[in-house]
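Note that ligands are numbered from 1 as they come in the structure, with each ligand's atoms numbered from 1 the same way.
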Amino acid sequence: MAVPAIFARPDGMAMRRTMGRFLTGVAVVTTQHEGEQFGMTINSLTSISLEPPILMISLNFNTRTGDALLASGSFAISILGVKQEAVARQFAVRGGARFEAGAFDTTEGGLPVIAGALAQAECRVAHQYDIGDHQVFFGEVVSSRFRDGEPLAFNSGKFGAFRDFNHDPMPWMF
Ligand SMILES: Cc1cc2nc3c(=O)[nH]c(=O)nc-3n(C[C@H](O)[C@H](O)[C@H](O)COP(=O)(O)O)c2cc1C
């Protein structure tokens, strides 16, 4: 695509394409309300605070998962590995069945999470804001676990793998 000559206020698609250049991992957010399970694929997952442990997700207003999450006050996230692209697609089909197929674990609080995910975390909603066309949820992490593995990546609308992690580590971080 040719580089546009001017800066311009982005419409929805231009905003998606602008921010789509920011490489992310892929996660599934899940929740449960009145006995029904809900879940959807997201890449708006961000770590916010370490102590206390808080993360953030941003969900479009018109998702079934967002409404259920607002009503239940709790949710879980599963950070997907590179072999879980099919799960990411299954949880992104609008109106599609989510829990009929696949393998799930259960958090201590009884929420479904994706089995084999690189990390799973259960959260209690600490704050919720409506901003623009999204609902932003800040979740206090009440329990989590993680394993090593290659992450599923997403960039410019495509799933993929980001394999070159052999540069020098940031020594103070991990
Ligand atoms: C890689 C990827 C990332 C996504 N990230 C988000 C996100 O952060 N927030 C959001 O609202 N939708 C996101 N979506 C779209 C939802 O997964 C999709 O709209 C889903 O069908 C909503 O499900 P629901 O309406 O059944 O809850 C993403 C989709 C993909 C494939």
Taking C-beta and beyond as the side chain, do Val28 and Ile77 meet within less than 4.5 Å on heavy atoms? no
Please check if the side chain of Thr63 supplies one atom and the backbone of Leu59 the other of a donor-acceptor pair under 3.5 Å. no
Tell me which protein heavy atom sits closest to atom 23 (O) of ligand 1, plus the residue, atom name and distance to 0.1 Å. Arg98 NH1, 3.2 Å
Under 4.0 Å from one or more heavy atoms of Ser44, ligand 1 contributes atoms 7 (C), 8 (O)
Which protein heavy atom lies closest to atom 18 (C) of ligand 1, and at what distance to 0.1 Å? Ala92 O, 3.7 Å
Taking side chain as C-beta onward, heavy atoms only, is Gln120 less than 4.5 Å from Thr107? no
If you scan protein heavy atoms around atom 13 (C) of ligand 1, the nearest is Thr41 O, 3.5 Å
Relative to the heavy atoms of Asn60, which atoms of ligand 1 are at a distance of less than 4.0 Å? 10 (C), 11 (O)
Contacting atoms of ligand 1, where contact means under 4.0 angstrom from a heavy atom of Thr65: 27 (O)
Ligand 1 to Leu59, heavy atom cutoff 4.0 Å, flagged ligand atoms 11 (O)
Side-chain heavy atoms nearer than 4.5 Å, only ILVMFWY residues, links allowed to pass through others: does that put Met40 and Val125 together? yes
Linked, directly or transitively: Leu55 and Phe137 (ILVMFWY side chains, under 4.5 Å): yes
Among Gly39, Ser58, Gly20, which residue places a heavy atom closest to atom 7 (C) of ligand 1? Ser58
Using a 6.0 Å cut-off, check whether atom CG of Asp164 has over 12 heavy atoms from anything other than its own residue. yes
Among the heavy atoms of Arg89, does any lie under 4.0 Å from an atom of ligand 1? no
What protein heavy atom sits nearest atom 10 (C) of ligand 1, and how far off is it? Met40 CE, 3.3 Å
Of the protein's non-hydrogen atoms, which lies at the shortest distance from atom 19 (O) of ligand 1, and what is that distance? Arg94 NH1, 3.7 Å
With heavy atoms of Phe91 as the reference, note each atom of ligand 1 found under 4.0 Å away. 17 (O)
Closer than 4.0 Å to some heavy atom of Val93 - which atoms of ligand 1 meet that? 21 (O)
Is there a path from Leu69 to Val136 through hydrophobic residues (I, L, V, M, F, W, Y) whose side chains come within less than 4.5 Å of each other? no
Counting each atom of ligand 1 from 1 as listed, which ones have a heavy atom of Phe154 under 4.0 Å away? 1 (C)
Between Arg16 and Asp11, does any side-chain N to carboxylate O distance fall below 4.0 Å? no
Other residues, nucleotides and ligands only: do more than 12 of their heavy atoms fall within 6.0 Å of CZ on Phe99? yes
